[in-house]
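Side-chain atoms are counted along with the backbone in the values below, which use heavy atoms only and exclude waters and symmetry mates. Note that the coordinates shown come from a computational prediction; the quantities given were computed from them, not determined experimentally. Each ligand, and each atom within it, is numbered from 1 in the order the structure gives.
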Amino acid sequence: MRLLIKGGRVIDPVHNVDDILDILIEGGKIIWISKVGDSSQFTVNSKGKKSVNSQPSTVDRVLDAKGLVVCPGFIDLHAHLREPGREDEETIATGTQAAARGGFTAVCAMPNTDPINDNQSVTEFILDKAKREGLVHVFPVGALSKGQKGEELAEIGDLYKAGCLAISDDGRPVMNAELMRHAMEYASMFNMQVISHCEDLNLSRDGVMHEGLVSTELGLRGVPAAAEEVMVARDLILAEMTGARLHLAHVSAAGSVRLIREAKARGVRITAEVTPHHLVLTEETVRGFNTNAKMNPPLRSAADREALWEGLHDGTIDAIATDHAPHALAEKDVEFDYAPFGIIGLETAVGIVLTVLVGKGALSLSEAIARFSTNPARILGLNNKGHLGVGADADLTILDLKREWRVDVSGFSSKSRNSPFDGWHLRGMPVLTLVEGKVVWEAQ
Ligand code: DOR
């Protein structure tokens with residue numbers, strides 16, 4: 001099966017390409033990239049007609065990408081697929097459908113499932129399910145500690161052998177600094193990434209939103225930015241000490257951005273991600289007591305949001321990740337204090353970033369693509385992904401920058417509906433997602 005993607009604006013931050021090109025795909029790989037015009041040599045295969053050319057000359061399908069942007073496939077470093085255990089909220093099948101629709105060709109599945117992914121058999125179950133039912137690649141993240149209890153290290157070597165590229169207790173912080181140190185040392189032996197959910201539970205205790213004027217006015221208990229910042233500082237120190245690869249999840253506070261920037265300048269091996277919701281919403285969104293404005297870390301102040309924009313632009317923050325966290329309607333439809341933390345994000349992330357950040361000129365298109373694709377691939381050590389070189393995996397995301405659409409959660413592929421963006425009008429949309437050369441999502 002040969003597929004030709006014809007005449008799209010190809011943007012590949014790795015090879016510094018932004019040009020109108022044709023891309024030829026075969027056997028799940030990119031086998032040919034050429035300037036438009038050279039592609040006249042390609043003719044659609046009419047039942048086994050042999051090519052007369054030494055160059056690839058016959059194709060089975062032509063996808064006309066004129067007017068569209070063709071990018072390396074987007075990789076979400078942070079999603080909760082809920083399977084095993086909470087299949088009422090999401091499954092690997094529905095979560096990867098949501099990913100494909102949102103323009104993602106791969107997702108990292110966080111370990112806070114039930115049972116927790118702290119051993120080989122759960123990792124194997126996830127990988128097996130993903131192979132049979134998943135639309136996009138799934139990279140399971142193993143738990144850092146047994147049962148994510150923060151007491152005893154999980155079998156990190158076993159998790160690595162089973163297929164985990166990273167470990168994390170995401171959803172919970174690792175409060176014990178010595179355990180975190182040992183996790184970093186073990187992970188380094190396998191060159192695995194340690195993903196840290198930075199939160200000091202003593203500072204955040206019982207908080208439900210950002211601590212500030214709004215929390216005081218609303219009478220809700222706040223989580224100070226310091227709850228994140230002190231743990232960012234600790235983990236940066238431990239990463240420097242151990243030389244481990246540390247990735248900081250869902251960075252939300254200005255102080256964290258400053259600490260990461262300083263550590264990077266010193267040469268510490270760290271990377272960081274930010275979510276679309278922390279980039280575009282603030283604590284003000286909580287005023288309506290909408291539980292879809294409740295997540296962990298919480299939506300912060302306008303000044304924090306500004307620092308996130310700066311950090312994303314100057315490269316302090318490497319990636320945009322969704323923290324897709326599906327929750328059942330009945331569980332979210334309660335008083336703010338009692339609702340679980342988290343919102344879905346796979347189907348809105350790209351549209352939000354294109355509309356708000358790229359649309360306002362805060363991020364160039366190429367920078368946005370690097371943060372959705374190139375940098376996540378680098379963080380996970382996936383050399384064949386995140387770029388469009390000949391021989392790379394044919395995981396591609398195709399965007400229509402002019403397409404206007406309204407977010408309507410009722411039509412989402414995700415099983416859950418907990419999005420604060422329902423009803424938003426967006427400009428820019430993933431219209432085609434290809435995984436190993438197969439079309440897994442095509443917008444009407
Ligand atoms: O808002 C959140 N939801 N933050 C987390 O860290 C965990 C996640 C979840 O699993 O629901």
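The environment of Glu335 atom CD is sparse: at most 12 non-hydrogen atoms of other residues, nucleotides or ligands sit within 6.0 angstrom. Atom CZ of Phe421 has more than 12 heavy atoms from other residues, nucleotides or ligands within 6.0 Å.
With sequence neighbours left out, the salt bridge (Lys or Arg N to Asp or Glu O under 4.0 Å) criterion links Glu310 to no other residue. Here Asp169 pairs with nothing under the salt bridge (Lys or Arg N to Asp or Glu O under 4.0 Å) rule; sequence neighbours left out.
A parallel orientation is assigned to the rings of Phe372 and Phe74, their planes being inclined by less than 30° (bins at 30° and 60°).
Listed by chain and residue number, the protein contacts of ligand 1 are His80, Arg82, Asn112, Gly171, His197, His250, Met295, Asn296, Asp323, Ala325, His327, Phe341, Gly342 (heavy atom within 4.0 angstrom).
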May I have the list of side-chain donor-acceptor pairs in residues 422-440 shorter than 3.5 Å, sequence neighbours left out?
unit_1 : atom_1 : unit_2 : atom_2 : d
Asp422 : OD1    : Val409 : N      : 2.9
Arg427 : NH1    : Glu404 : OE2    : 2.9
Thr433 : OG1    : Ala100 : O      : 2.7

